[in-house]
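One structure below.
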Amino acid sequence: MEAGHPPPTAGQFVVVGGGIAGVTCAEQLAIHFPSEDILLITASPVIKAVTNFKQVSKVLEEFDVEEQPSTLLENRFPNIKVIESGVKQLKSEEHCVLTEDGNQHLYKKLCLCAGAKPKLIREGNPYVLGIRDTDSAQEFQKQLTKAKRIMIIGNGGIALELVYEIEGCEVIWVIKDTAIGNTFFDAGAAEFLTSKLIAEKSEAKIAQKRTRYTTEGRKKEAQTKGNAGNIGSALGPDWHEGLNLKGTKEFSHKIHIETMCEVKKIYLQEEFRISKKKSLTFPRDHHNQSVTTDKEIWPVYVELTNGKIYGCNFIVSATGVTPNTGPFLCGNNFDVGEDGGLKVNDHMHTSLPDIYAAGDICTASWEPSPVWQQMRLWTQARQMGWYAAKCMAAASVGESVDMDFSFELFAHVTKFFNYKVVLLGKYNAQGLGSDHELILRCTKGQEYIKAVLQNGRMMGAVLIGETDLEETFENLILNQMNLSAYGEDLLDPNIDIEDYFD
Ligand SMILES: Cc1cc2nc3c(=O)[nH]c(=O)nc-3n(C[C@H](O)[C@H](O)[C@H](O)COP(=O)(O)OP(=O)(O)OC[C@H]3O[C@@H](n4cnc5c(N)ncnc54)[C@H](O)[C@@H]3O)c2cc1C
Ligand SMILES: NC(=O)c1ccc[n+]([C@@H]2O[C@H](COP(=O)([O-])OP(=O)(O)OC[C@H]3O[C@@H](n4cnc5c(N)ncnc54)[C@H](O)[C@@H]3O)[C@@H](O)[C@H]2O)c1
């Protein structure tokens with residue numbers, strides 16, 4: 001044991017991380033072993049709790065997420081003890097974790113749920129912001145209140161949400177692809193959504209919000225704990241609620257999309273002034289009107305791979321995440337996946353003895369069901385945390401456990417541009433090659449429905465709008481019924497599809 005440290009506490013169940021994965025795991029362990037102490041070690045001063053959980057159908061689930069002081073978790077589960085201190089080092093051979101507060105904790109079984117970090121296009125550039133936790137979201141909001149124009153890089157969840165939410169600030173949106181939202185949609189769905197983006201924003205957007213997201217309690221806690229520098233839990237659904245995402249201008253939306261390009265070089269103002277040979281590109285809106293005369297002097301200039309250069313106040317790098325595996329895990333010989341996550345098997349077990357992992361930190365390395373894939377999402381963090389606890393509990397009493405049903409079918413419910421969006425199975429025909437067919441139904445401004453079929457069986461679906469089809473489609477994917485005979489009728493709006501398959 002490390003010299004100078006107090007003697008370690010006795011071996012117990014230890015969970016690292018106060019996000020959805022860690023908290024769910026700790027709660028389940030506390031339920032399984034009511035007479036044992038469960039230790040939750042987290043670097044952030046608040047924890048994330050799942051509330052109002054609703055199993056909508058076999059696989060689809062809905063819940064709210066609340067940031068809470070850790071004492072609330074301890075009150076609900078008296079056998080959970082929360083330690084608000086980052087893990088400095090894992091010593092897997094000694095079954096021990098060292099925390100920043102100078103203590104060491106022995107574990108009999110450990111679950112690592114330390115989340116992920118934004119993968120920025122440039123590290124260490126003060127004009128490149130990432131959004132992950134409450135602090136980074138508030139920093140972004142602060143910068144936005146002073147901004148006339150920003151650039152958003154990336155084409156996934158965060159970028160989609162930001163371009164819709166930001167008002168009073170020009171947005172130059174830079175995507176590598178030909179259409180928006182490539183992580184979630186094909187070009188057809190993207191076109192459906194783009195028309196909404198161009199149209200005026202409706203009042204209903206505010207009225208239909210779902211998740212409560214409170215930050216007041218957290219701010220006070222953070223000040224008293226002085227945890228500066230540590231990363232907090234990831235945000236989630238409706239993270240922008242309560243943040244006033246408004247720039248300095250009076251207009252609502254002004255978005256210019258640059259497709260099929262990336263960032264080549266970022267110049268600070270002074271560097272740009274020196275390289276005078278470059279001329280500025282004036283961004284144009286969807287009517288091809290110049291949105292600025294660009295006499296401005298900008299703090300930062302971005303050269304894109306298509307040769308254009310834009311000045312802006314700052315850049316948001318919404319370019320995905322990297323699992324948070326270091327430096328506290330250095331010196332431990334974990335197997336890691338291509339995406340840098342800790343590889344876990346079908347029992348959420350890593351390659352090291354008695355160490356499990358769940359949520360954004362891990363890479364699912366089992367042979368998945370043909371209609372499931374890992375995505376670093378809220379729901380999967382909850383499901384993995386829950387299932388990891390079940391596996392840890394079973395292993396500690398020598399029992400076996402079957403794979404949880406939630407990993408049978410990929411299912412995600414979210415909201416983009418104020419539309420309900422349900423993604424099921426291989427919703428973008430991922431991994432199906434050209435051997436599949438698509439059946440579509442689209443009513444502009446109302447709904448977009450896509451079913452992905454292979455050999456007559458439904459493999460995935462995208463449902464945008466209030467389609468009410470999620471449960472039927474979920475069943476069709478799960479039961480793999482041969483749908484060849486129905487052909488296009490499958491999406492005929494005059495046929496009540498639910499009756500069809502009852
Ligand atoms: C802006 C934004 C919007 C999102 N929107 C959605 C959405 O609409 N729907 C959806 O499904 N998903 C969404 N996500 C993704 C979702 O938030 C994550 O997939 C999920 O929260 C991951 O949970 P987690 O518990 O694995 O990790 P995290 O929530 O990141 O928690 C990690 C925890 O580990 C702690 N930690 C880290 N390092 C240490 C250490 N060394 N020692 C101790 N503790 C440590 C952290 O403090 C934190 O408490 C969004 C993410 C972002 C950033
Ligand atoms: N409603 C939702 O479900 C939702 C909303 C927000 C965030 N999230 C989740 O939060 C996490 C972070 O969100 P995110 O949007 O950063 O990640 P993401 O994985 O959703 O999207 C990353 C995007 O960045 C692009 N990209 C990657 N490297 C790039 C580069 N060098 N230059 C240009 N583009 C690049 C990718 O092509 C992709 O479009 C993800 O796990 C995401 O699923 C989910």
Side-chain angles (χ1 to χ4, degrees), residues 15-25 40-48 61 63 65 67 70 83-90 97-100 112-122 130-134 136-137 140 152-162 174-177 180-184 210-211 213 227 230-240 243 258 260-264 304-305 316-329 339 341 357-362 374-382 384-385 412-416 421 423:
V15 180
V16 173
I20 286 300
V23 171
T24 310
C25 181
L40 178 70
I41 305 177
T42 178
S44 51
V46 284
I47 56 99
K48 287 269 160 65
E61 54 188 50
F63 52 85
V65 175
E67 276 192 341
S70 53
I83 294 187
E84 287 176 15
S85 181
V87 170
K88 197 167 61 175
Q89 202 185 350
L90 165 67
V97 287
L98 310 183
T99 43
E100 302 277 1
L112 296 171
C113 307
K117 290 182 169 171
K119 192 170 62 189
L120 301 183
I121 46 159
R122 298 285 185 282
I131 299 174
R132 177 69 184 175
D133 50 18
T134 313
S136 52
F140 162 70
I152 298 178
I153 318 287
N155 199 9
I158 293 182
L160 274 172
E161 294 191 330
L162 284 183
V174 176
I175 61 178
K176 288 198 287 189
D177 324 281
I180 66 165
N182 76 322
T183 322
F184 297 96
R210 297 154 300 155
T211 312
Y213 211 77
N227 256 2
N230 282 327
I231 66 156
S233 315
L235 298 159
D238 292 341
W239 59 277
H240 33 73
L243 288 180
E258 286 289 346
M260 293 193 290
C261 62
E262 289 179 52
V263 171
K264 189 169 169 196
L304 303 177
T305 47
V316 179
S317 180
T319 39
V321 297
T322 314
N324 181 22
T325 53
F328 72 106
L329 298 183
D339 59 7
D360 280 8
I361 195 177
C362 77
Q374 181 180 12
M375 278 182 80
R376 292 193 164 86
L377 294 168
W378 207 256
T379 27
Q380 292 197 356
R382 195 202 68 78
M384 287 178 170
H412 184 45
V413 192
T414 185
K415 223 167 216 195
F416 288 122
V421 174
L423 305 172

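When reading the values below, keep in mind they use all heavy atoms of this one structure, side chains included, and skip hydrogens, waters and symmetry mates. Whatever order the structure lists ligands and atoms in, that order sets their numbers, starting from 1.
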In ligand 1, the atoms that come under 4.0 Å of a heavy atom of Asn324 are 37 (C), 38 (N)
Under 4.0 Å, heavy atoms only, figure out whether ligand 1 is touched by the backbone of Val16, its side chain, both or neither.
side chain
Sequence-distant partners of Phe328, ring-ring contact (aromatic ring centres under 6.0 Å, His included), two or more places apart
none
Within the 4.0 Å heavy-atom cut-off, what Ile153 brings close to ligand 2 is side chain
Quick one: does Cys113 get within less than 4.0 Å of ligand 1, heavy atoms only?
yes
Proximal atoms of ligand 1 relative to Ala21 (non-hydrogen, under 4.0 Å)
25 (O), 26 (O)
Please work out whether any backbone atom (N, CA, C, O) or any side-chain heavy atom from C-beta onward of Phe328 is under 4.0 Å from ligand 1, and answer side chain, backbone, both or neither.
side chain
Considering only heavy atoms, does Val321 approach ligand 1 within less than 4.0 Å through its side chain, its backbone, both, or neither?
neither
So is there a nitrogen or oxygen of Ile20 less than 3.5 Å from a nitrogen or oxygen in ligand 1?
yes
Please list, in number order, the atoms of ligand 1 under 4.0 Å from a heavy atom of Gly86.
42 (N), 43 (C)
Applying a 4.0 Å heavy-atom criterion (strictly less than), which segment of Glu161 is in contact with ligand 2: side chain, backbone, both, or neither?
side chain
Can you name the atoms of ligand 1, numbered from 1 with element, that are less than 4.0 Å from a heavy atom of Gly359?
26 (O)
At a 4.0 Å threshold, what atoms of ligand 1 neighbour a non-hydrogen atom of Ile158?
1 (C), 53 (C)
Give me the ring orientation class for Phe416 and Phe184: parallel if the planes are under 30° apart, tilted from 30 to 60°, perpendicular past 60°.
tilted
Under the salt bridge (Lys or Arg N to Asp or Glu O under 4.0 Å) rule, collect the residues that match up with Lys176, sequence neighbours excluded.
none
Return yes when Lys48 approaches ligand 1 closer than 4.0 angstrom through a heavy atom, no otherwise.
no
Of the backbone atoms (N, CA, C, O) and the side-chain heavy atoms from C-beta on, which set of Lys415 has a member under 4.0 Å from an atom of ligand 2: side chain, backbone, both, or neither?
neither
What part of Ala381, side chain, backbone, both or neither, has a heavy atom within less than 4.0 angstrom of ligand 1?
side chain
With a 4.0 Å heavy-atom cut-off (strictly under), which part of Asp360 contacts ligand 2: side chain, backbone, both or neither?
neither
Does ligand 1 have an atom that lies less than 4.0 angstrom from a heavy atom of His412?
yes
